[in-house]
Amino acid sequence: MATYEFRRIEKEWQAYWAKHNTFKTETISVKEKFYVLDMFPYPSGAGLHVGHPLGYIASDIVSRYKRHTGFNVLHPMGYDAFGLPAEQYAIQTGQHPALTTDENIKRYREQLDRIGFSYDWSREIKTCDPNYYKWTQWIFIQLFNSWYNPKTNKAENIQTLVSIFEQSGCETEDLSFTKEDWLGFSDKIKSDILLKYRLAFLSEAMVNWCPELGTVLANDEVKDGLSERGGFPVERKLMTQWSLRISAYAERLLTGLDKIDWSESLKEAQRNWIGKSEGCSLKFFSENTEIEVFTTRPDTIFGVTYLAIAPEHPSLDLLCVNGYREAALDYAEKAKNRSERERQAEVKNITGAFTGSFVKHPFTNEEIPIWIADYVLGSYGTGAVMAVPAHDSRDYAFAKHFKLPIKEVVSGGDISESSYDAKIGDIINSDFLNGLSVKDGIKRSIKEIESLKLGFGKTNYRLRDAVFGRQRYWGEPIPVFYEDGIPKAFAENDLPLILPEIDKYLPTESGEPPLARAANWTYKNHPIETTTMPGWAGSSWYFLRYMDPSNKEGIASKQALEYWKDIDLYMGGSEHATGHLLYFRFWTKFLYDLGIIPSDEPAKKLINQGMIQGMSCLIYRVNQTSKFVSLAHKNKYETTPIHIDIKLVNSSNEVDLDALKAWRPSEFENAEFELENGKLICGTEVGKMSKRWHNVVNPDDVCNDYGADTLRLYEMFLGPLQDAKPWSTQGIEGVLRFLRKFWRLFHNNAEENFNISLETPTKAEFKILHKTIKKISEDIDNFSFNTSVSAFMVCVNELQDLKCNKREILEPLVILLSPFAPHIAEELWLLCGNKEGVSYANWPKFNPEFLVENEFNYPISFNGKVRFNLNFALDIDNKEMESSILNNEQTKKYLEGKEPKKIIIVKGKIVNVVM
RNA sequence: GCGGAUGUGGCGUAAUUGGUAGCCGUGCCAGACUUAGGAUCUGGUGCCGAAAGGCGUGGGGGUUCGAGUCCCUUCAUCCGCACCA
């Protein structure tokens with residue numbers, strides 16, 4: 001009885017690992033550390049589908065491999081457990097989000113366990129656990145108590161700023177007071193001033209407000225004017241809000257990208273999001289006002305023909321004058337009230353209005369009209385631009401539309417049809433800038449502007465501060481209370497601030513957030529903040545907690561932080577590029593500044609696994625009828641495609657009609673079907689795997705049918721890890737077949753008994769083994785797991801051909817396979833007579849001697865076309881080889897009597913005869 | 001519009017990084033075994049051609065003895081950002 005019983009084997013070994021704490025990690029060790037982290041999941045009600053484990057399997061392979069090669073590996077898992085869906089569910093059902101979350105976590109855990117991951121579950125964390133969020137709140141307090149000192153270029157305690165104010169007051173663009181002023185200020189005014197510097201701060205700002213969710217959202221939580229969760233419309237709204245000053249870290253977040261090994265596309269996404277642009281801030285004056293603009297092209301200053309201001313510009317009211325006032329204000333009002341979505345949808349439409357005001361050109365003194373234009377954003381730069389239609393396409397379109405002058409100041413383009421935006425050419429029509437290149441012109445003009453005190457060189461970032469308060473229940477309470485209207489942080493000793501029980505998960509009747517419902521929501525008789533932290537708070541530092549998850553003195557012990565330092569491999573989806581992965585780097589840099597952690601980047605290497613998409617199945621309903629037609633007839637009618645459960649369809653896309661009727665009787669029981677060849681054929685579509693499209697494939701089912709080892713190997717075999725690929729079970733049989741073949745190498749085929757030989761392997765057998773050791777080791781180092789699986793298959797095929805069942809070959813192979821298919825490896829390792837499990841067995845050592853060849857079968861090509869092969873010793877002299885080739889009968893045939901021009905011999909590769 | 005990626009048999013993919021294109025797997029064809037089973041095993045399978053041979057890595061051009069790989073150009077698909085001055 002020795003067929004490959006994957007169900008029994010997998011169950012037994014999973015139990016063994018759990019019982020023996022096989023994967024428990026020592027916090028401190030003499031071994032070198034290796035930290036492999038998966039982005040922890042949000043435990044949704046839908047459970048895991050086959051797409052989730054893709055990255056987990058890959059990181060598990062690396063973890064297991066690193067253990068075999070002697071590293072102390074930290075490979076933990078946990079749950080990002082606060083968030084909107086559980087709360088939405090609570091609103092609908094009244095069920096406490098904590099209960100729903102616990103149930104979901106339980107299910108996730110069961111699913112994960114079935115796949116045989118080597119997580120150290122003793123380090124599991126949940127962001128909604130008070131022992132965890134105590135430290136999320138603690139970090140918030142540190143942010144609140146810190147400011148970003150531009151001189152030292154790092155975060156410092158707010159007291160260092162207070163000292164500066166006490167000693168020398170303050171002199172900046174927006175703020176000006178003496179040290180005497182400061183000492184005389186009331187506590188409230190001092191607090192308001194400090195809030196302008198704190199890294200966690202309260203401010204009145206335009207925010208993304210989602211009425212449907214009843215909360216504000218951060219920029220990365222809004223996609224195309226809709227909320228990322230739920231897809232509800234989002235409005236702009238002026239509100240007093242907690243925010244984090246991530247913008248202070250813009251430059252370091254940008255330059256830090258250069259020293260981490262993340263994918264280029266992901267780094268580029270972050271660079272775009274940070275959006276650095278270097279240029280110049282510059283003031284234009286009129287008799288009664290001044291307007292500050294930001295430009296990256298001060299070299300085109302002589303090409304300015306109008307100024308454009310945003311509809312939200314603060315000086316708008318002042319600028320709208322004479323006969324233009326009413327129409328201009330009316331336009332601004334309309335433009336402002338359009339939602340983000342509408343505004344984006346109308347990008348192509350050119351709208352604007354003249355204010356009636358003018359400013360003077362700083363160099364020519366020409367009168368320059370001021371227009372309101374909705375292509376100018378209130379939230380970027382100064383909300384005003386100097387328009388140079390000749391060299392900016394948006395200004396060009398606007399000028400053409402409103403028939404404003406266009407003045408060319410950079411040569412090299414043709415501005416009769418479109419603007420010339422390129423930064424190549426010489427400056428013309430520009431007084432002191434004439435003849436300079438664009439690059440020199442920028443430098444020269446900034447110098448001139450600075451010397452005339454009209455402005456200064458300046459760098460702008462698109463990155464906005466992150467709105468941090470949420471008008472929701474299921475999140476970390478913000479540990480702040482209000483004393484006489486002044487926000488103050490909790491004492492650290494009083495943390496955690498526990499999320500209170502409330503009767504209803506909805507805003508109060510007066511529109512306050514749900515926490516306002518909590519009984520006695522006060523701290524030392526002062527009211528506590530009622531908004532909670534966003535979903536990304538807990539995930540911004542979780543990698544540190546795994547290092548020492550139950551520490552009561554700090555986020556983790558000093559030793560643990562020093563030892564584990566940072567993540568060596570971080571695995572997760574690219575959808576977090578501008579959200580989690582940015583906040584995560586921001587918090588790391590902040591904690592580094594405070595001297596709490598030793599590294600200012602959280603993850604040295606990051607890999608984005610591709611998404612596994614689902615194939616969904618569509619049948620076609622003829623509009624306004626209950627008639628469904630087969631794919632071939634679809635175009636005869638006006639039809640609407642309907643997604644049906646993929647379980648109702650076989651591999652030839654034929655729908656099981658009885659099952660369909662049973663699936664949704666009300667819809668299909670009495671329906672009419674137009675078939676082709678007696679079958680209803682459905683159409684297919686590749687897309688996201690989701691409940692909504694009825695195309696979710698559950699890994700549990702795959703484990704049942706084929707086994708976890710097969711699932712693991714198959715997901716890796718599907719293609720390069722980073723690529724997106726649709727799930728299909730075509731080919732999964734091949735992987736199971738491979739594991740059976742592997743199993744059979746260890747078993748006497750006739751009687752199916754375990755049977756391996758102690759004979760010394762042949763050279764050929766050793767060669768197969770060492771070729772495989774080399775390939776698998778290199779592949780894991782390169783994260784090329786698909787080719788590893790292929791290499792295993794080649795190896796087994798070759799050993800099978802040689803009927804090799806020698807222990808000296810097979811036992812090392814078991815170790816090689818163990819990171820990929822750990823259950824079968826454990827079982828065979830045990831059958832081989834080993835007492836200890838395979839998980840920490842030493843990785844086989846590659847010996848290149850077994851691959852040394854002394855001859856090679858050279859392809860002989862003529863003008864690059866391979867014609868035949870000839871065998872030569874590898875140490876043969878080139879001359880000798882050449883004459884041997886020339887004397888060969890076949891060579892003579894291809895030379896057709898001609899004399900070869902030359903013969904190129906590449907040792908061990910190829911011979912090319914040039915004719 | 002800007003940026004990032006990708007394009008190879010019917011399909012998923014591979015190619016020691018400039019050196020025999022198509023490994024491995026699926027699918028398909030043929031065969032063996034079999035109480036004819038969606039099991040297992042063997043052989044074949046890029047395209048055209050009876051064969052010799054020719055053609056083949058999205059298209060066009062180039063560099064090279066030699067290009068899937070390097071350069072130029074063009075097309076297509078996917079992803080991210082987007083009126084960011």
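Proteins come first, then strands; the chains are lettered A, B, ... in the order of their sequence lines, and each starts at number 1. Bear in mind that the values here come from a model prediction, so they are computed numbers and not experimental data.
- In this structure A:D709 satisfies the salt bridge (charged side-chain N to carboxylate O under 4.0 Å, His left out) test with no other residue, sequence neighbours excluded.
- Judged as a side-chain hydrogen bond (donor to acceptor under 3.5 Å, both in side chains), and not counting sequence neighbours, the contacts of A:H361 are A:T364.
- Under the side-chain hydrogen bond (donor to acceptor under 3.5 Å, both in side chains) criterion, A:N797 pairs with A:K741, sequence neighbours left out.
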Quick test: give all pairs of protein nitrogen or oxygen and nucleotides 73-81 of chain B nitrogen or oxygen below 3.5 Å, distance rounded to 0.1 Å.
residue : atom : partner : partner atom : Å
B:C81   : O2'  : A:R462  : NH1          : 3.3
B:C81   : O2'  : A:R462  : NH2          : 3.4

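- RNA chain B is contacted by both A:A384 and A:A724; A:A724 maps to the nucleotide lying nearer its 5′ end (nearest heavy atom per residue).
- A:E853 has its CD atom 18 Å from the P atom of B:U16, to the nearest Å.
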TODO: Evaluate ring pair (Phe, Tyr, Trp, His ring centres under 6.0 Å) for A:Y306 paired with A:F402, printing each intermediate quantity in order.
DONE: CA-CA 11 Å; A:Y306 66 98; A:F402 289 105; 8.7 Å; no
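- In this structure, B:A15 makes no Watson-Crick or G-U wobble pair, since no nucleotide meets both defining distances under 3.5 angstrom.
- Side-chain contact annotation: A:Y461 with A:S247, donor-acceptor N/O pair under 3.5 Å absent.
- With sequence neighbours left out, A:A332 forms a side chain to side chain contact (heavy atoms under 4.5 Å, CB included) with A:P311, A:L316, A:I372.
- A:P726 comes within 4.0 angstrom of nothing in the nucleic acid, heavy atoms only.
- Taking the six-membered ring where tryptophan is involved, the planes of A:W743 and A:H747 are essentially parallel, since the angle between them stays under 30° and well short of 60°.
- With values rounded to the nearest 0.5 angstrom, A:K879 atom NZ is found 10.0 Å from A:I905 atom CD1.
- For B:C79 and B:G31, the P atoms lie 46 Å apart once the distance is rounded to whole Å.
- At a non-hydrogen distance threshold of 4.0 Å, A:M793, A:V794, A:N797 from residues 792-802 of chain A come into contact with RNA chain B.
- Rounding to whole angstrom units, NZ of residue A:K725 and P of B:A14 are separated by 10 Å.
- For B:C24, neither phosphate oxygen OP1 nor OP2 lies less than 4.0 angstrom from any side-chain nitrogen or oxygen of A:N786.
- With rounding to the nearest 0.5 angstrom, the CE atom of A:M716 is 5.0 Å from the CD1 atom of A:I57.
- When heavy atoms are screened at a 4.0 angstrom cut-off, A:I904 is found touching base atoms of the nucleic acid.
- Atom CZ in A:R297 sits roughly 11 Å away from atom C1' in B:A85 (whole-Å rounding).
- Taking the six-membered ring where the residue is Trp, A:F868 and A:Y894 present parallel rings, their angle staying beneath 30° rather than reaching 60°.
- For A:Y380, the side-chain hydrogen bond (donor to acceptor under 3.5 Å, both in side chains) criterion is met by A:S277, not counting sequence neighbours.
- Taking atom P on both nucleotides, B:G46 is separated from B:A82 by 48 Å, rounded to a whole Å.
- Counting to the nearest Å, the P atom of B:A85 and the OH atom of A:Y306 are 15 Å from each other.
- Glycosidic conformation, B:G31: anti, with the torsion outside 90° of 0.
- Listed in residue order, the members of residues 609-617 of chain A having a heavy atom less than 4.0 Å from RNA chain B come to none.
- Between the P atoms of B:G22 and B:A14, the separation comes to 15 Å (whole Å).
- Note on ring orientation: taking the six-membered ring where Trp is involved, the planes of A:W371 and A:F398 are perpendicular (angle over 60°, cut-offs 30° and 60°).
- Here the separation of B:G66 from B:U17, taken at their C1' atoms, is 15 Å to the nearest Å.
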Tabulate protein N/O versus nucleotide N/O from nucleotides 4-11 of chain B, keeping only pairs under 3.5 Å, one per line.
none

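- Contacts of A:K865 with the nucleic acid, taken as non-hydrogen atoms under 4.0 Å apart, involve only primed sugar atoms and P, OP1 or OP2.
- Using a 4.0 Å heavy-atom criterion, one finds that A:R867 contacts the sugar-phosphate atoms exclusively.
- Side-chain contact check for A:R297 versus A:M386: every heavy-atom pair is 4.5 Å or farther apart.
- In this entry B:U20 has no Watson-Crick or G-U wobble partner, no candidate having both defining distances under 3.5 Å.
- Ring geometry, A:H391 versus A:Y420: the interplanar angle exceeds 60°, so the pair is classed perpendicular (tilted spans 30 to 60°).
- Between A:Y380 and B:A85 there is a side-chain polar atom (N or O) within less than 4.0 angstrom of OP1 or OP2.
- Between the CD atom of A:E278 and the CD1 atom of A:I442 there is a distance of 10.0 Å, given to the nearest 0.5 Å.
- Taking atom P in both B:U16 and B:G7, one finds a spacing of 14 Å when rounded to whole Å.
- A:S265 pairs by the side chain to side chain contact (heavy atoms under 4.5 Å, CB included) definition with A:S263, not counting sequence neighbours.
- As rounded to whole Å, 14 Å separates atom C1' of B:U20 from atom CD1 of A:I885.
- Rounded to whole Å, the C1' atom of B:U20 lies 25 Å from the corresponding atom of B:U26.
- B:U17: glycosidic angle within 90° of 0, hence syn.
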Output a table of nitrogen or oxygen pairs between the protein and nucleotides 28-39 of chain B separated by less than 3.5 Å.
none

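- When the P atom is used for both B:A5 and B:C41, the distance is 43 Å, rounded to whole Å.
- Here the P atom of nucleotide B:G25 and the CG atom of A:L739 are 13 Å apart, to the nearest Å.
- Atom name P, nucleotides B:G43 and B:G59: the rounded distance is 34 Å, in whole Å.
- Between the side chains of A:D220 and A:T578, no donor N or O sits under 3.5 Å from an acceptor N or O.
- In this structure, the CG atom of A:L870 is 16 Å from the C1' atom of B:G19, given to the nearest Å.
- Within 4.0 Å of A:V385, counting heavy atoms only, lies at least one base atom of the nucleic acid.
- Both A:F856 and A:K902 lie close to RNA chain B; mapped to their nearest nucleotides by heavy-atom distance, the more 5′-ward contact belongs to A:F856.
- Atom-to-atom distance recorded for A:D705:CG and A:D701:CG is 6.5 Å, nearest 0.5 angstrom.
- The partner of B:G27 is B:U45, by the rule that a Watson-Crick or G-U pair needs both atom distances under 3.5 Å.
- The residue A:N869 sits close to a base: some heavy atom pair falls under 4.0 Å.
- The partner of B:G9 cannot be assigned: no Watson-Crick or G-U wobble pair with both contacts below 3.5 Å exists in any strand.
- Nucleotide B:U16 holds its P atom 10 Å from the NZ atom of A:K909, rounded to whole Å.
- Note on residues 787-801 of chain A: pairs passing salt bridge (charged side-chain N to carboxylate O under 4.0 Å, His left out), not counting sequence neighbours, are A:K771-A:E798.
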